[in-house]
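This chain uses plain numbering: 1 for the first residue, then up along the sequence. Read the numbers this way: they start at 1 and go in the same order the structure lists the ligands and their atoms.
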Amino acid sequence: MAKEVSQGDNHASVKAPPEPSPLRKAKFFKANMRILITGGAGFIGSHLVDKLMENEKNEVIVADNYFTGSKDNLKKWIGHPRFELIRHDVTEVIGTLNVLGLAKRVGARILLTSTSEVYGDPLVHPQTEDYWGNVNPIGVRSCYDEGKRVAETLMFDYHRQHGLEIRIARIFNTYGPRMNIDDGRVVSNFIAQAIRDEPLTVQLPGTQTRSFCYVSDMVDGLIRLMEGDNTGPINIGNPGEFTMLELAETVKEMINPEVKIVTVENTPDDPRQRKPDITKAKELLGWEPKIKLREGIPLMEEDFRQRLGIPSNKN
Ligand code: UDP
């Protein structure tokens, strides 16, 4: 029920957010969970599906358009009685709006995986959640950055106006098995290049930094956020910060010491530095990443070698 909070005759009355739908308190939600994951055939989404399917009380529905995701990532669940896969397109901002509408209708809790890109090319370092960011609204990466910023806005509007239970994770660069091999992200590029014996392409200047979180840590953080009481936004990422040159050197040393490192042109508006402040995640979720970059790289290498059909000749 919506409550009116009166501030006296001479003041406008302020509307308190309505209670979440009674469905949220229904028996089904206490005993069982029906979880919809949009983008569940993708890299992070499919790892989240694996983890959630371990719990027998969870029923998981994936909606994915397969633009970047793949059925292959979910093949072990296809046909499982607690699993359903739907080919469906939810485009970024409009997608969030549609899913918010659905969550409102059925009284579901909703988690948005937002991004460190909301901080743009950050002037505050490391980035805390209260930093509003430095985003070029008309640049080449703006549609992603601003799309996620609008998605966060919509989440909070639905929370304030309709009492929706929201959670917002700002996820930082994530890597691990099942990452797309050829979509141009830096860790996947370097690992694939090292395995194929091609030069590692460091985009200039090479001193720009990123902080890389292994996918199992990421999934653990997302689940804790979803299960806890805090709306967020909360940064989920690994604070270990590396320049792209350092990353290239590490991949070279670990996978192929013979490989060349070359520098190439960069794209405009590339953030110069990025590192999460994870104080909030530690305090509110009891979460921090466990897997260091040097532990994660070999796990990803193994997966890439299998998918590329190039076995290691180390032994
Ligand atoms: N990068 C690079 N070589 C590559 C691909 C990317 O040096 O082959 C750099 C890129 O310029 C950026 C960083 O790696 O500074 C991370 O790029 P990515 O696209 O992986 O993530 P994002 O920029 O979205 O954080």
Fill in the blank from the handout: If you compare I261, L204, V186 by their heavy atoms, the one closest to atom 6 (C) of ligand 1 turns out to be V186
Can you list the ligand 1 atoms lying under 4.0 Å from a non-hydrogen atom of [X]?
{"X": "N189", "answer": "4 (C), 5 (C), 8 (O)"}
{"X": "G184", "answer": "5 (C)"}
{"X": "N266", "answer": "11 (O)"}
{"X": "V202", "answer": "7 (O)"}
{"X": "R274", "answer": "22 (P), 25 (O)"}
{"X": "N173", "answer": "21 (O), 22 (P), 25 (O)"}

Practice task
Scan residues 71-83 for pairs that pass side-chain hydrogen bond (donor to acceptor under 3.5 Å, both in side chains), counting only residues two or more places apart or in two chains.
Solution key: D50-W77
Completion exercise
of all protein heavy atoms, closest to atom 13 (C) of ligand 1 is M244 SD, 3.7 Å
Handout entry: Presence of salt bridge, R149 and E152, under 4.0 angstrom
Key = no
Problem - Salt-bridge contact R141-D270 (side-chain N to carboxylate O under 4.0 Å) - result: yes
Exercise for the section: Please answer whether the main-chain N or O of T68 pairs with a side-chain N or O of D183 as donor and acceptor at a distance below 3.5 Å. Expected result: no
Practice task
Please confirm whether R141 comes under 4.0 Å of ligand 1, counting heavy atoms of the residue only.
Solution key: yes
Practice task
Using a 4.0 Å heavy-atom cut-off, say whether Q203 meets ligand 1 through its side chain, its backbone, both or neither.
Solution key: both
Completion exercise
Any heavy atom of R185 under 4.0 Å from ligand 1? The part involved is both
Handout entry: N or O pair under 3.5 Å between Q208 and ligand 1
Key = yes
Exercise for the section: Could you tell me whether V187 and ligand 1 have an N or O pair separated by under 3.5 Å? Expected result: no
